[in-house]
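Reading through the structure tokens given below for one structure.
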Amino acid sequence: MFKVKLWVKQYQKCSNIIKGNYVIIDGVASIVSDTSTSRPGKHGHAKVRLVAVGMIDGKKRELVMPGHDNIDVPIIEKKIAQVLSIHDPLQT
């Protein structure tokens with residue numbers, strides 16, 4: 001069971017994101033499935049390419065940002081629960 005608080009978030013540098021981290025892309029909490037970093041140019045910055053899958057809709061999203069930029073990271077609370085019984089009112 002995931003409880004996602006999208007209004008509560010923190011920021012993290014794009015260069016520190018690894019596979020399996022959670023990020024917010026296009027307003028949707030997503031799980032990072034792949035990252036790659038390009039080399040900096042003569043006057044440019046290194047770019048980080050993130051590929052992530054949405055937690056709710058399952059859509060694949062891509063994002064390319066400079067490595068020193070910050071990205072939104074949701075704060076997710078994970079809890080474990082156990083099902084004790086299932087009651088079907090239609091069954092007699």
Side-chain angles (χ1 to χ4, degrees):
M1 172 188 291
F2 291 104
K3 183 177 182 181
V4 181
K5 295 181 180 179
L6 291 181
W7 61 89
V8 179
K9 58 188 173 185
Q10 55 186 340
Y11 299 101
Q12 192 172 3
K13 286 193 177 201
C14 286
S15 58
N16 295 339
I17 301 291
I18 58 172
K19 182 178 178 179
N21 284 29
Y22 301 103
V23 294
I24 297 176
I25 299 177
D26 299 332
V28 178
S30 306
I31 302 172
V32 176
S33 60
D34 187 32
T35 61
S36 60
T37 306
S38 65
R39 292 182 48 189
K42 186 173 182 180
H43 299 289
H45 300 283
K47 301 285 190 282
V48 176
R49 181 177 162 267
L50 298 173
V51 178
V53 178
M55 289 176 59
I56 297 173
D57 57 3
K59 290 174 75 175
K60 185 177 177 182
R61 292 176 171 81
E62 260 185 67
L63 183 66
V64 178
M65 295 179 72
H68 66 274
D69 278 359
N70 290 331
I71 190 167
D72 296 336
V73 178
I75 297 174
I76 299 176
E77 297 176 4
K78 294 182 182 180
K79 296 186 179 184
I80 298 174
Q82 180 179 5
V83 177
L84 298 177
S85 66
I86 298 175
H87 176 69
D88 187 7
L90 300 176
Q91 191 176 25
T92 58

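Side-chain atoms are counted along with the backbone in the values below, which use heavy atoms only and exclude waters and symmetry mates.
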Ignoring hydrogens, what is the shortest heavy-atom contact between [X] and [Y]? Give both atom names and the distance.
X: P40; Y: G44; answer: CB-O, 3.9 Å
X: N70; Y: K13; answer: OD1-CG, 3.7 Å
X: S30; Y: A52; answer: CB-CB, 3.6 Å

Legend entry - For C14, the option from I71, T37, V64 that meets side-chain contact (heavy atoms from CB on, under 4.5 Å): I71
Taking side chain as C-beta onward, heavy atoms only, is [X] less than 4.5 Å from [Y]?
X: Y11; Y: V73; value: no
X: V23; Y: I17; value: yes
X: N21; Y: T35; value: no

Legend entry - Residues that, via side-chain heavy atoms closer than 4.5 angstrom, fall in one hydrophobic cluster with V83: I86
Inset, instruction - Evaluate side chain to side chain contact (heavy atoms under 4.5 Å, CB included) for I31 paired with Y22, printing each intermediate quantity in order. - result: CA-CA 5 Å; I31 302 172; Y22 301 103; 3.5 Å; yes
Measuring from [X]:[atom1] to [Y]:[atom2], what's the distance to the nearest 0.5 Å?
X: M65; Y: I25; atom1: CE; atom2: CD1; value: 9.5 Å
X: D72; Y: Q10; atom1: CG; atom2: CD; value: 10.0 Å
X: K47; Y: L63; atom1: NZ; atom2: CG; value: 12.0 Å

Inset, instruction - Would you please name every residue forming a side chain to side chain contact (heavy atoms under 4.5 Å, CB included) with V51, sequence neighbours left out? - result: S33, D34, R49, K60, E62
Legend entry - With D26 via side chain to side chain contact (heavy atoms under 4.5 Å, CB included) - residues at least two apart: R61
